[in-house]
Amino acid sequence: MLWRLMFKSLTKTTFSRATKSLSFAALHHSASPINFPKASEAQNSTPLKSNSFTSNRTSPKTNSLTPRIVLATLQDCPSDLVSLSSFFWFAQQPHYFHDKPTFRHMVSVVSNLTQTHGTVKGIIEELQSVGCVTKAQTLLLLMRIYWCGSMYDMVLESFQEMSNYGYTPNTYARNIVIDVLFKIKRVDVALNVLNETQSPNFLSFNIAICNLCWLNDADNVKRVLRCMLMKGYYMNPETYSLVLSCLCKFSRLNEALQLLSMMMVLGVQVSVNVWSILIDGFCKSGHIEVAAYLLEKMIEVGSSPNIVTCTSLIKGFLKSHMPGKAFEILGILESKGCFPDLVLCNVLIDCLSKMGWYEDAFEVFSSLRERKLIPDVYTFSSLVSTICLSKQYVLLPLLTSGLAVQPDLVVCNGLLSYFCRSGYPEGTVGFYNDMIDRGFLPDKYSFASVLNALCRLGRINEAVNVYNGIIRTYPDIDAHIHTIIISGLIKSGSFHKAMRFFRKSISENLPLDVVSYNIAIGGLTRDGQMKEAYDLFTQMKKMNVAPNKQTYNLIVSGFCRNRDVKMFSHIMQEMLDKNIGIDGHTQKLVKNLLRSDTRDPHLTVNLLFELSKLGLFPNEDQLLLVNGDDDVSVSADFSSQTYDKLDDIVSVG
DNA sequence: ATAGGGTTAG
């Protein structure tokens with residue numbers, strides 16, 4: 001109902017009134033702490049008004065301590081210092097361990113204290129002045145608070161203070177330092193600390209392995225793994241999963257397979273989730289055949305694929321244009337009495353629509369109700385994308401009426417793009433402002449849409465201003481954003497400005513990709529500036545941006561239009577070498593040049609000659625047959641018609 | 001109960 005309201009009318013006032021009822025507001029409260037009962041309300045409350053708790057007082061009944069009472073008490077402390085010393089006191093109670101929310105609360109307490117007192121030593125002295133005795137445990141807890149708050153320099157400082165106070169940091173403290181050193185990318189130092197740790201435990205290795213996986217440092221992962229095994233720590237199934245998923249995440253699939261072999265050789269039970277991780281890894285990198293092979297192997301060793309395994313495979317087969325296989329797996333799944341869950345339905349909606357099977361995607365969406373599945377943000381985003389791809393924009397309010405999904409940033413981004421694509425860029429700008437008002441932190445997707453909308457509205461200067469603001473604030477923005485501005489400038493007729501902008505982007509080493517270059521090259525070729533276009537083409541290769549089919553076709557058709565047979569032939573040779581075909585538009589241009597009634601018969605002969613040197617042979621139906629892509633094919637011989645045509649042309653010449 | 005599988009931009 002909320003969404004129906006939203007799309008009923010899109011005038012500014014109704015729009016914002018409608019979105020207010022979207023309960024966006026609730027979204028911002030979801031992260032706030034729930035109101036816990038205060039310690040004073042709880043039975044056997046722990047008296048903490050004074051800081052004399054280190055003295056011999058009546059021991060409170062600690063079995064009544066619960067994290068929520070502790071947190072409430074800490075939140076209630078009159079000062080940060082009291083809060084911190086209370087936190088230490090609680091930690092000393094037998095069998096009591098602080099939970100994550102409490103640590104998170106202490107992060108703000110301790111960062112205040114750090115601001116006030118400057119150093120860890122300063123805080124310790126302050127604690128001592130109120131009677132809190134410094135122990136190794138105190139410093140370790142401080143380390144853990146800083147660690148929890150990602151205040152890495154302070155973690156290291158606390159660690160240093162441990163030694164200064166004459167304590168020998170235990171393995172736990174060293175593990176934290178190892179993690180922090182990895183997080184600040186001091187890999188060698190981290191590995192040294194690990195090596196010098198007297199009695200490393202399972203976690204020491206686990207932390208190192210996990211971080212190294214994140215840093216894509218598989219060589220060191222192997223080194224640490226070997227070290228771990230030598231120290232007598234056998235990896236547990238979780239560690240195998242961890243390493244495998246890290247390897248798969250970075251597409252190091254051969255190593256993942258090696259690890260699988262190792263597991264099998266060592267007789268480690270290969271769990272369904274390990275198989276799922278591997279299968280998903282191969283699906284994601286497009287090696288569906290290996291994924292299918294793994295599925296066979298898995299079944300062979302007596303493991304049964306579950307819905308997760310199947311979801312990866314179904315997605316993989318659909319993305320590899322093998323719907324038959326995908327539905328086969330879906331059928332097997334259903335025959336086992338296992339029916340699609342929400343994730344699988346979301347995958348189906350997404351994949352089917354990307355294949356152009358919009359009706360089927362909509363049907364999956366409609367089937368959710370009878371499956372008793374409640375659509376979520378993924379469903380919504382996929383559905384918006386389906387509607388955009390199918391260009392059936394009117395369906396959005398129809399399909400989503402009564403759908404009460406709490407929008408997240410991705411949903412909002414989907415809608416931003418929906419407004420623009422459906423021909424309502426004003427909606428994008430309005431919705432964007434509304435999002436910001438409601439506290440959403442826009443990301444690169446949001447920026448992309450709003451810049452695109454401003455360009456389409458002809459508000460190009462505004463777009464450039466917003467763009468400049470974005471790149472000032474977010475230095476690591478990707479190619480999409482730059483491309484939108486370049487394209488916007490070209491489309492608005494500011495061709496030279498666009499080119500200045502593009503060259504400036506190159507000189508500033510901004511991350512331009514093949515699409516950015518294609519937009520610029522397209523602008524230049526349409527303007528007849530083939531020399532400049534070719535320069536950019538050379539430049540992109542120098543910058544290691546591989547030209548794609550579109551780039552080659554832009555260049556080759558540009559030379560064709562400029563009647564530059566030599567360059568045309570040169571590029572065509574390159575395309576043949578790379579097995580890149582020419583598109584319909586280029587074919588048409590070549591066809592025109594090959595017409596016998598051309599005004600320049602010599603050019604035509606030249607072109608035919610060049611084409612024949614390349615092994616390309618025109619015939620009547622399809623004037624150009626090229627080795628390579630689907631829109632062109634190979635011909636081994638000159639057709640007789642070609643000779644006739646050549647005769648015609650020569651005789652005319 | 002949990003992992004493992006899902007969405008958005010030029």
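A, B, ... follow the sequence lines: proteins, then strands. Residue 1 opens every chain. Just so it is clear, the model here is predicted, and its values are computed rather than measured. Only heavy atoms go into these numbers, but all of them, side chains included; no hydrogens, no water, no symmetry mates.
Between Lys315(A) and dT7(B) there is a side-chain N or O to OP1 or OP2 distance below 4.0 Å. Residue Arg421(A) places at least one side-chain N or O closer than 4.0 Å to OP1 or OP2 of dG10(B).
For Lys284(A), the side-chain atoms get nearest to dG5(B) when compared with the rest of dG10(B), dT8(B), dG5(B). You'll find that the side chain of Val343(A) is closest to dG5(B), out of dG5(B), dA3(B), dA9(B). Here the side chain of Asp513(A) is nearest to one of dG5(B), dG10(B), dT8(B), namely dG10(B). Closest approach to the Val515(A) side chain among dT7(B), dG10(B), dT8(B) is made by dG10(B) (side chain taken as heavy atoms from C-beta onward). Among dT7(B), dA9(B), dT8(B), the nucleotide with an atom closest to any side-chain atom of Asp408(A) is dT7(B). Between dA3(B), dG5(B), dT8(B), one nucleotide has an atom nearer to the side chain of Asp280(A) than all others, and that is dG5(B). Comparing dT7(B), dA9(B), dG5(B) by their closest approach to the side chain of Asp350(A) singles out dT7(B). In the set dG5(B), dT7(B), dA9(B), dT7(B) carries the atom at the smallest distance from any side-chain atom of Tyr378(A).
Counting atom types as modelled, Thr483(A) pairs a side-chain N or O with a base atom of dG10(B) as donor and acceptor under 3.5 Å.
Glu296(A) meets the salt bridge (Lys or Arg N to Asp or Glu O under 4.0 Å) test with no other residue; sequence neighbours excluded. Remark: Lys325(A) engages no residue in a salt bridge (Lys or Arg N to Asp or Glu O under 4.0 Å) (not counting sequence neighbours). Judged as a ring-ring contact (aromatic ring centres under 6.0 Å, His included), and not counting sequence neighbours, Tyr445(A) has no contacts.
Using a 4.0 Å cutoff on non-hydrogen atoms, the parts of residues 292-313 of chain A near DNA chain B are Asn306(A), Ile307(A), Val308(A), Thr311(A), Ser312(A), ordered by number.
Counting only residues at least two apart or on different chains, the side-chain hydrogen bond (donor to acceptor under 3.5 Å, both in side chains) pairs with a member in residues 509-519 of chain A are Thr483(A)-Ser516(A), Asp513(A)-Ser516(A), Asn518(A)-Asn548(A), Asn518(A)-Thr551(A).
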Below 3.5 Å, can you tabulate the donor-acceptor pairs from side chains in residues 493-505 of chain A to any protein atom, sequence neighbours excluded?
{"unit_1": "Ser494(A)", "atom_1": "OG", "unit_2": "Ser492(A)", "atom_2": "OG", "d": "3.4"}
{"unit_1": "Ser505(A)", "atom_1": "OG", "unit_2": "Phe501(A)", "atom_2": "O", "d": "2.8"}

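Ring-centre distance between Tyr467(A) and Phe447(A): not below the 6.0 Å cut-off.
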